[in-house]
> 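The structure's right below; bear with me while I get my questions together.
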Amino acid sequence: QVQVVESGGGSVQAGGSLRLSCEASGYTETNYWLTWFRQVPGGEREGVAAVAGRGGATVYSDSVKGRFTISADSAKNAVYLQMRSLKPSDTAMYYCTTSYGTSSFQGPLDQRSYKYWGQGTQVIVSS
């Protein structure tokens, strides 16, 4: 059974930093994308950052490029999101996902590419 578990959210003041962690389990192959999305109430789920299991290529949304860094530990199927220079607009529920089990990959920051999701971890940035 595939499980995805996030941790590391919390509250921080603008300009601060947080590090999110995620582990995907239930499969052993490592050649899948591991990706962070975020969502605010009533909003669309937005792809934030992704890392390829094969080769380690990374992709970022324009809204976080230069401030967030994604990294992975392929041996653990784990992914991390280091968030710096946080802004109130970064406030959201952050979700981790893996492209394992996907039958139709639409791109690393497209939520249609993902089947298994974590429960989310809340990030609150106050001004």
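The chain is numbered in sequence order, starting from 1.
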> I need the minimum non-hydrogen distance between Leu34 and Ala24, along with the two atoms involved.
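In this case the closest contact between Leu34 and Ala24 is CD2-CB, 4.4 Å.
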> Are side-chain heavy atoms of Trp33 and Val59 found at a separation under 4.5 Å?
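The answer is yes; the side chains approach within 4.5 Å.
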> With sequence neighbours left out, what residues match Ser63 under side-chain contact (heavy atoms from CB on, under 4.5 Å)?
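Per chain and number, Ser63 pairs via side-chain contact (heavy atoms from CB on, under 4.5 Å) with Arg38, Glu46, Ser61.
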> Tell me whether the count of non-hydrogen atoms from other residues, nucleotides or ligands lying under 6.0 Å of CD in Gln106 goes above 12.
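Correct, the count exceeds 12.
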> Indicate if Val79 and Leu109 have the same hydrophobic cluster label, given that clusters are the connected sets of ILVMFWY residues with side-chain heavy-atom separations under 4.5 angstrom.
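No, because Val79 and Leu109 fall into different hydrophobic clusters, even though each may have its own neighbours under 4.5 Å.
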> Could you note down all residue pairs passing salt bridge (Lys or Arg N to Asp or Glu O under 4.0 Å) where residues 99-112 supplies at least one of them, sequence neighbours left out?
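Sorted pair list: Asp110-Arg112.
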> Does some side-chain heavy atom of Thr97 sit less than 4.5 Å from a side-chain heavy atom of Val4?
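No, too far: nothing below the 4.5 Å cut-off.
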> Not counting sequence neighbours, list each pair that qualifies as a disulfide (SG to SG under 2.5 Å) and has a residue in residues 53-127.
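Listed once each, the pairs are Cys22-Cys96.
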> What are the two closest non-hydrogen atoms of Ala72 and Val51, and how far apart are they?
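Nearest pair, atom of Ala72 first, then Val51: CB-CG1, 3.8 Å.
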> What disulfide (SG to SG under 2.5 Å) pairs are there with at least one residue in residues 27-73, not counting sequence neighbours?
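Sorted result for residues 27-73: empty, none.
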> For Gln122, enumerate each residue passing the side-chain contact (heavy atoms from CB on, under 4.5 Å) test, keeping only those at least two apart in sequence or located in another chain.
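Residues passing side-chain contact (heavy atoms from CB on, under 4.5 Å) with Gln122: Thr91, Met93, Ile124.
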> For Glu44, check side-chain contact (heavy atoms from CB on, under 4.5 Å) against everything at least two apart and list the hits.
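For Glu44 the side-chain contact (heavy atoms from CB on, under 4.5 Å) partners, ignoring immediate neighbours, are Gln111.
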> Enumerate the residue pairs fulfilling salt bridge (Lys or Arg N to Asp or Glu O under 4.0 Å) with a member in residues 2-19, sequence neighbours excluded, ordered by first and then second residue.
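Found none.
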> Please collect all salt bridge (Lys or Arg N to Asp or Glu O under 4.0 Å) contacts where either partner lies in residues 116-127, sequence neighbours excluded, each pair once.
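Listed by first then second residue: nothing to list.
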> Does this structure show an ion pair linking Asp90 with Lys87, if we count only N-O contacts that are shorter than 4.0 Å?
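A salt bridge is absent here (no side-chain N lies under 4.0 Å from a carboxylate O).
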> Would a single hydrophobic cluster contain both Phe105 and Tyr32, if residues Ile, Leu, Val, Met, Phe, Trp and Tyr are joined by side-chain heavy-atom contacts under 4.5 Å?
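Tyr32 does not cluster with Phe105.
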> As a quick check of understanding, evaluate side-chain contact (heavy atoms from CB on, under 4.5 Å) for Tyr100 and Asn77, giving each step before the final call.
CA-CA 11 Å; Tyr100 174 84; Asn77 267 336; over 6 Å; no
> Can you list everything that forms a side-chain contact (heavy atoms from CB on, under 4.5 Å) with Arg84? Sequence neighbours excluded, please.
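Partners of Arg84 by the side-chain contact (heavy atoms from CB on, under 4.5 Å) criterion, ordered by chain and then number, come out as Ser17, Thr69, Gln82.
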> Please confirm whether the backbone N or O of Ser113 pairs with a side-chain atom of Thr102, one donor and one acceptor, at under 3.5 Å?
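Here the side-chain-to-backbone pair exists.
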> Taking the side chain as everything from C-beta on, heavy atoms only, tell me whether Leu86 gets closer than 4.5 Å to Leu18.
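Of all side-chain heavy-atom pairs linking Leu18 with Leu86, at least one is under 4.5 Å.
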> Which pairs with one or both residues in residues 22-34 pass salt bridge (Lys or Arg N to Asp or Glu O under 4.0 Å), sequence neighbours excluded?
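Listed by first then second residue: nothing to list.
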> If every non-hydrogen atom of Ser127 is compared with every non-hydrogen atom of Ala14, which pair is closest and at what distance?
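It is CA-CB, 4.3 Å.
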> Scan for ring pair (Phe, Tyr, Trp, His ring centres under 6.0 Å) pairs involving residues 107-127, sequence neighbours excluded, and state none if there are none.
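Sorted pair list: Phe37-Tyr114, Phe37-Trp117.
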> Determine which pairs satisfy ring pair (Phe, Tyr, Trp, His ring centres under 6.0 Å) with at least one residue from residues 55-98, sequence neighbours left out, and list them in order.
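Qualifying pairs, neighbours excluded: none.
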> Taking all non-hydrogen atoms of both residues, which atom of Leu81 and which atom of Ala49 are closest, and how far apart?
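It is CD1-CB, 4.0 Å.
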